[in-house]
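What's counted below: heavy atoms across the whole structure, side chains too, no hydrogens, waters or symmetry copies. Sequential numbering from 1 along the given sequence is applied to the chain's residues.
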Amino acid sequence: MLGGASDQVDVAIVGAGPTGLYAAYYAGFRGLDVAIVDALPVVGGQVSAMYPEKVIADVAGFPAVSGAELIARLEEQVQPFAPTFHLGQRVERMTSRSGAVDGAAGLDLHTDARTVIGARTVIVAGGVGHFSPRRLPTAAGLRAEDVDSFVTSLDPYVDQDIVIVGGGDSALDWALMLSPVAGSVTVVHRRDRFRAHAHSVSLAQKQGVRLLTRAQVVGSVYDHELEAVLVEHADGSRTTEPCGRVVAALGFTARLGPILEWDLGIERQRHIPVGSRMHTNRERVFAAGDITTYDGKVPLISVGFGEAATAVSNACRVIHPEAPLFGGHSTETTTPVARSVAVGEVA
Ligand SMILES: Cc1cc2nc3c(=O)[nH]c(=O)nc-3n(C[C@H](O)[C@H](O)[C@H](O)COP(=O)(O)OP(=O)(O)OC[C@H]3O[C@@H](n4cnc5c(N)ncnc54)[C@H](O)[C@@H]3O)c2cc1C
C-alpha cells in the first residue's frame, strides 16, 4: 500500500466476476492493495455460474477459450498481487466515512457475514447482481451443511456416496470429476433427457455414474450424519440411495438486491450510471462491467476489462492525487509475472 491508514485497503471491489478480477489485477499493477468480495463461493461471476464449459470467442487474444479457462487465467494474472478475497459473502451496506476524526476518509462495506471492509475507494463490479444457488425443496429435509452448490475441491467427496441433482453441463461435469475419487456417484434429474453434452452423458455412464432420469430427491435419511436420500420416480415408486453428500447443480438466480439501496442513482433497477472516469454519483465510488450504463454501453467481457482499468486509474488519482492517471505500460513496469516470463520461469 502506498501510504494511508493501515486499517483499510486502497480499493475494495464488489464482485469477483471477470471485471472485478481484472480490476483487482490492475489495482495491484498500480501498487494499490485490494479486497474483493463476492456472494458466490467461487470467482468468475456469470461465467462460472452460468457457462463455464461454453467456448468464448470474442475476448481479445483468445480465438477460443472456455469460460473456466478464462477465469483461471484471470486468477493467475491477479495472484502475484495477493488481493484479499472474501468469497461467499454478500455486501449489504456501503457507508461513507468523512475522515474528520481519524483522517481516514473512505467507505465501509458491510457484508452478511458481519465483515466490515474499510476502503479508500470502492469499485462496484456487481454485474447483473449477486448470485444465489437455486435450492432443493426444503421437503427433502437436507441440512445445509450436507448440500453444495459448487464443487471447489475434491477432498470432501473422497470415498463418499455422492448424489448430484440436475441435468445440465455442471451436473455431468461434476459427476465426471468426482467419480474417480468418490465411493459412488448418482445423478438425479427430473426430466427424461439431460441438457448436458451427449458426450459427457455417455462418458459418465462408462465411468460407472448412475443416471436416474424422471426422478426427484424427496427426502433424506439421517443417523447423526446423512446416510441416504429418498428418490421418487415417475411411476410413483421410491428408492433409497446411499448418500453422504449432495451436490445441487440447479443453476443460480441473480438479484441486484442491496446495491439498489446504496444511493447510486440506479436506472431501471439494474444499472449504475457512470461518467467517462467510471465514477458514480458517490464520492470515491466507481463502477465497471455489466452493471454500468452510459450512452453507447455494450455489455461484453472485453468492455468490462477496459472499464476496470479506467476505474482503477481514476481511483488511484483519488488515493494519490500526485500519481499520473496513466500508470505506464506493463511492458515498461516489471511485475512479478512479467519478471518470471522474462527470465524464462514461465512458458
Ligand atoms: C450464457 C451467457 C453467455 C455469454 N457469452 C458471452 C460471450 O461470449 N462474450 C462476452 O463478452 N460476454 C458473454 N456473456 C456476458 C458476460 O458473461 C458478462 O458481460 C460478464 O460476466 C460481466 O462481468 P462482470 O464481472 O461485470 O459481472 P458478473 O459476471 O455478473 O459478476 C458480478 C459478480 O458480482 C457479484 N455480486 C453482485 N452483487 C454483490 C453483492 N452485493 N455482494 C457480493 N457480490 C456481489 C455476483 O455474485 C457476481 O459474481 C455471456 C453471458 C451469459 C449469461
Side-chain angles (χ1 to χ4, degrees), residues 40-44 48-54 66-68 71-72 87-88 131-234 237-253:
L40 286 177
V42 296
V43 300
S48 297
M50 294 161 86
Y51 62 103
E53 309 83 4
K54 281 206 161 87
S66 75
I71 297 305
L87 297 180
F131 282 99
S132 315
R134 287 206 176 87
R135 308 225 171 263
L136 284 163
T138 48
L142 287 156
R143 295 181 193 145
E145 65 265 27
D146 296 322
V147 184
D148 301 315
S149 46
F150 269 101
V151 175
T152 51
S153 142
L154 296 181
D155 297 345
Y157 307 96
V158 173
D159 295 333
Q160 293 263 24
D161 295 313
I162 311 299
V163 169
I164 299 177
V165 185
D169 283 315
S170 298
L172 268 293
D173 282 356
W174 286 333
L176 290 171
M177 239 170 94
L178 296 179
S179 72
V181 299
S184 70
V185 177
T186 305
V187 178
V188 178
H189 180 40
R190 70 193 163 98
R191 300 193 192 283
D192 55 355
R193 293 175 71 102
F194 286 96
R195 291 190 315 281
H197 287 128
H199 177 65
S200 308
V201 177
S202 73
L203 214 55
Q205 276 165 330
K206 281 189 196 133
Q207 274 186 218
V209 173
R210 289 182 67 220
L211 302 176
L212 305 180
T213 51
R214 301 180 73 206
Q216 297 188 62
V217 172
V218 293
S220 46
V221 180
Y222 277 89
D223 179 9
H224 300 292
E225 294 187 341
L226 180 63
E227 300 279 321
V229 293
L230 295 181
V231 174
E232 188 170 272
H233 302 267
S237 65
R238 288 185 171 196
T239 54
T240 304
E241 306 296 336
C243 178
R245 205 152 185 90
V246 174
V247 179
L250 298 171
F252 295 85
T253 55

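When all heavy atoms of Pro41 and Leu87 are compared, the closest pair comes out as O-CD1, 3.5 Å. Pairing each heavy atom of Ile71 with each of Gly44, the nearest pair is CD1-CA, 3.6 Å. When every heavy atom of Cys243 is checked against every heavy atom of Val246, the shortest pair comes out as SG-CG2, 3.6 Å.
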Which atom pairs, one a donor and one an acceptor, fall under 3.5 Å between side chains of residues 198-215 and the rest of the protein, sequence neighbours left out?
unit_1: Ser202; atom_1: OG; unit_2: His199; atom_2: O; d: 3.2
unit_1: Gln207; atom_1: NE2; unit_2: Leu176; atom_2: O; d: 3.3
unit_1: Gln207; atom_1: NE2; unit_2: Ser179; atom_2: OG; d: 2.4
unit_1: Arg210; atom_1: NH1; unit_2: Glu241; atom_2: OE1; d: 2.5

Let me have the donor-acceptor pairs involving side chains of residues 219-226, under 3.5 Å, with sequence neighbours excluded, atom names and distances please.
unit_1: Ser220; atom_1: OG; unit_2: Ala140; atom_2: O; d: 2.7
unit_1: Ser220; atom_1: OG; unit_2: Gly141; atom_2: O; d: 3.2
unit_1: Tyr222; atom_1: OH; unit_2: Arg143; atom_2: N; d: 2.8
unit_1: Tyr222; atom_1: OH; unit_2: Asp146; atom_2: OD2; d: 2.6

Please tabulate, one pair per line, all N/O donor-acceptor pairs under 3.5 Å involving side-chain atoms of residues 157-173, not counting sequence neighbours.
unit_1: Tyr157; atom_1: OH; unit_2: Asp148; atom_2: OD2; d: 2.6
unit_1: Asp161; atom_1: OD1; unit_2: Ser184; atom_2: OG; d: 2.7
unit_1: Asp169; atom_1: OD1; unit_2: His197; atom_2: N; d: 3.1

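For the atom pair Glu232 CD and Arg238 CZ, the distance stands at 4.5 Å (nearest 0.5 Å). Rounded to the nearest 0.5 Å, atoms OG1 (Thr240) and CD (Glu227) are 11.5 Å apart. Here OG of Ser66 is found 12.5 Å from NZ of Lys54. Values are rounded to the nearest 0.5 Å.
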Please walk me through it: do Val217 and Leu230 pass side-chain contact (heavy atoms from CB on, under 4.5 Å)? CA-CA 6 Å; Val217 172; Leu230 295 181; over 6 Å; no
Check against side-chain contact (heavy atoms from CB on, under 4.5 Å), Val229 and Leu142: CA-CA 9 Å; Val229 293; Leu142 287 156; 4.2 Å; yes
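Side-chain atoms of Val231 and Val218, non-hydrogen and from C-beta on, never get closer than 4.5 Å to each other. Between Arg245 and Pro156 the shortest side-chain heavy-atom distance falls below 4.5 Å. The shortest side-chain heavy-atom distance between Arg135 and Leu250 does not fall under the 4.5 Å cut-off.
Taking the six-membered ring for Trp and the full ring otherwise, Phe150 and Phe252 have centroids separated by under 6.0 Å.
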